[in-house]
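Before any comments, here is the structure.
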Amino acid sequence: MNERADQNDGKGIGGEGIGTPDNASDSTPGQRTPNAAAPPASKPRAQSSRRGPTIRDVARAADVSAATVSRVLNNDETLSVTPATRAKILAAAERLGYHKNHQTRERRSHRAKRIAIVEKLTEVYESEEMFSYYIRSSLSTELTRMGYDVLRIQGDADNATRKTVGTEVDGIAVIGLFTANEIERMKRGSRPIIAIYSDTLLQQCTCVTPDFESAAIQALDHFLTHGLKRIGLLCTDVQFARRNMLFDDPFLRTFRDYLSQLGLYVPGYVYRGGLSTELGFGMMRTAIREHPDDLPQAFLCCADVLAVGALQALHDAGLRVPEDVSLISFQGTPVVRQTFPQLTSLTVDTTAMGVAAARLLDAVVRREPTTEVPCKVAFKTKLELRGTTLNDEESATGPVDNGFRVMRPYRLVNGIHPRGI
């Protein structure tokens with residue numbers, strides 16, 4: 001078996017091997033990254049003859065990956081490699097004259113920078129695995145294109161800290177619903193960190209998120225313009241602690257404040273829990289049981305899996321969608337097209353978010369002046385109308401008839417609320 005595969009054996013650091021990031025200087029003549037400028041035509045051979053053998057030279061001679069060579073020469077005990085392969089690498093290094101002084105100089109000037117991507121996945125947040133995948137895919141692809149090695153870690157902040165301690169990690173990207181305390185623990189390593197999906201500005205951490213507030217308002221406006229005033233919410237029970245205050249799910253904050261300004265907020269229409277199809281089913285079944293005569297005419301669901309479960313509960317109860325109850329989901333993963341009827345969704349451009357996060361993290365790692373102050377980059381979602389909402393213009397009633405206009409100015413009251421809803 002080709003030993004190139006052992007760099008991704010799950011026991012050590014993954015990635016595509018040792019190389020120079022696209023934005024690094026071409027300090028080793030004759031080696032350059034795809035985006036680096038070509039050396040002067042009159043000098044390449046002379047320059048190449050003066051350099052010593054590199055890890056890549058040893059890797060080619062031994063027919064293994066550069067990452068495997070690096071780990072063998074550094075006596076990495078976590079590497080799973082056969083004695084024959086180890087002997088072949090050592091023999092190739094000796095034959096080429098690759099010595100410690102060459103290795104030290106190359107590590108200093110040519111070690112590919114490494115980014116750890118940390119995903120928080122739990123059983124009650126199954127939708128995060130699907131949604132996280134699309135962000136991670138574009139993030140990892142862009143980081144690799146920029147010359148970074150990528151180390152993937154799943155779990156909580158403690159697991160991420162354990163796996164990055166003693167590892168040459170130049171930056172960390174965290175994807176998912178991380179609490180303030182978890183972000184603070186990961187920041188203690190003094191390495192650049194960027195959060196994707198969680199709003200971490202209060203922790204002085206740069207983040208890339210969907211624009212949750214405008215997404216929720218867009219969904220509520222769609223319901224209201226179609227005359228639906230009894231509106232419910234299925235959302236997470238996550239609360240982000242900061243001193244003695246708690247920051248609720250951004251959908252809940254916006255939902256509560258926006259409908260309160262319109263005089264339409266009903267606390268009993270809000271259901272909270274984890275993010276799974278089963279929990280979405282249970283929330284909707286509870287709503288149907290608790291409101292036999294005044295069930296909300298519409299529900300906003302803060303994750304696709306919640307909407308899938310809610311739709312099944314409505315079907316089981318004999319309720320028509322969207323005639324009796326309308327649904328709008330958030331995320332817009334492919335599952336929204338696999339239901340009947342198909343789910344109307346607030347679709348997040350996960351590819352754009354992943355690419356933007358990679359480029360922003362790269363700027364933070366390189367300590368560009370523009371990254372000295374933490375920032376939040378928010379991506380607008382797109383409301384894609386499908387079969388779970390009333391979409392025809394004839395059914396739209398325009399602004400609600402209680403003296404308020406649907407698009408009236410909206411203001412969050414600091415976005416801070418005590419525990420509970």
Side-chain angles (χ1 to χ4, degrees), residues 120-134 176-177 197 210 212 215-216 218-220 222-223 228 230-239 248-256 259 266-292 294-348 350 381 383-389 421:
K120 184 180 181 182
L121 308 176
T122 65
E123 292 182 0
V124 294
Y125 286 87
E126 72 174 39
S127 75
E128 295 310 296
E129 182 170 3
M130 178 171 53
F131 187 63
S132 173
Y133 166 78
Y134 294 105
L177 296 170
Y197 200 76
F212 297 107
Q218 191 175 15
L220 294 173
H222 184 80
F223 291 146
L228 308 179
R230 298 199 311 273
I231 305 174
L233 174 69
L234 308 185
C235 66
T236 71
D237 56 1
V238 173
Q239 291 181 308
D248 283 317
D249 180 293
F251 275 100
L252 174 54
R253 296 200 309 266
T254 307
F255 181 90
R256 172 177 50 208
L259 289 184
V266 179
Y269 289 168
V270 175
Y271 295 87
R272 307 180 66 177
L275 300 179
S276 70
T277 304
E278 291 76 11
L279 291 173
F281 180 89
M283 290 181 196
M284 182 58 74
R285 185 171 57 181
T286 300
I288 294 170
R289 183 180 65 253
E290 291 181 346
H291 301 281
D294 62 340
L295 182 69
Q297 301 161 300
F299 280 89
L300 171 59
C301 305
C302 76
D304 291 338
V305 291
L306 288 181
V308 171
L311 181 61
Q312 182 61 53
L314 291 169
H315 286 327
D316 287 358
L319 294 168
R320 300 170 302 164
V321 179
E323 293 83 1
D324 297 325
V325 179
S326 291
L327 292 175
I328 293 181
S329 175
F330 176 79
Q331 289 179 339
T333 55
V335 72
V336 299
R337 296 180 179 84
Q338 299 168 5
T339 62
F340 180 81
Q342 293 185 350
L343 284 162
T344 291
S345 66
L346 294 156
T347 300
V348 179
T350 52
T381 57
L383 179 61
E384 296 186 329
L385 302 175
R386 299 189 183 90
T388 58
T389 50
I421 59 175

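Please read these numbers as outputs of a predicted model, since none were measured by experiment.
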task = Could you check if a side-chain atom of Leu275 sits within less than 4.5 angstrom of a side-chain atom of Leu306, using non-hydrogen atoms only?
result = yes
With side chains defined as the heavy atoms from C-beta onward, is the minimum distance between Thr254 and Phe212 less than 4.5 Å?
-> no
### Message
Just so I know, are the side chains of Val335 and Val305 near enough to count as touching, which here means a heavy-atom distance under 4.5 Å?
### Response
no
Here the gap from Cys301 atom SG to Leu343 atom CG, rounded to the nearest 0.5 Å, amounts to 8.0 Å
Report task. Give a yes or no on whether the ring-centroid distance for Tyr269 and His291 is below 6.0 angstrom. Result -> yes
Q.
Between Arg285 and Glu290 (salt bridge meaning N to carboxylate O under 4.0 Å), is one present in this structure?
A. no
### Query
Got Met284 and Leu327 here, is their nearest side-chain heavy-atom distance under 4.5 Å?
yes
Candidate pair Arg272 and Thr236, rule side chain to side chain donor-acceptor pair (under 3.5 Å), full reasoning:
CA-CA 5 Å; Arg272 307 180 66 177; Thr236 71; 5.4 Å; no
- [ ] Could you give me the CA-CA distance, side-chain angles and deciding distance for Ile328 and His222, then say whether side chain to side chain contact (heavy atoms under 4.5 Å, CB included) is met?
- [x] CA-CA 9 Å; Ile328 293 181; His222 184 80; 4.2 Å; yes
Residues at least two apart in sequence or cross-chain that pass ring-ring contact (aromatic ring centres under 6.0 Å, His included) with Phe223, listed by chain then number, are none
Checklist entry - Ignoring hydrogens and geometry, is there a side-chain-to-backbone donor-acceptor pair from Thr344 to Arg386 under 3.5 Å? => result yes
*Kindly determine whether Glu278 and Gln312 satisfy side chain to side chain contact (heavy atoms under 4.5 Å, CB included), including the steps that lead there.*
CA-CA 10 Å; Glu278 291 76 11; Gln312 182 61 53; over 6 Å; no
Rounded to the nearest 0.5 angstrom, the SG-CZ distance for Cys235 and Arg256 is 9.0 Å
Considering only heavy atoms from C-beta outward, does the side chain of Leu233 approach that of Phe299 to under 4.5 Å?
no
Are the side chains of Thr388 and Pro341 in contact, using a 4.5 Å heavy-atom criterion?
yes
Under the criterion side chain to side chain contact (heavy atoms under 4.5 Å, CB included), I'd like the reasoning laid out for Gln297 against Ser326: C-alpha separation, chi angles, the key distance, then a yes or no. CA-CA 6 Å; Gln297 301 161 300; Ser326 291; over 6 Å; no
Under the criterion side chain to side chain contact (heavy atoms under 4.5 Å, CB included), I'd like the reasoning laid out for Phe131 against Val348: C-alpha separation, chi angles, the key distance, then a yes or no. CA-CA 10 Å; Phe131 187 63; Val348 179; 4.0 Å; yes
Does some side-chain heavy atom of Arg230 sit less than 4.5 Å from a side-chain heavy atom of Val266? no
- Is the shortest heavy-atom distance from the side chain of Phe330 to the side chain of Pro210 under 4.5 Å? yes
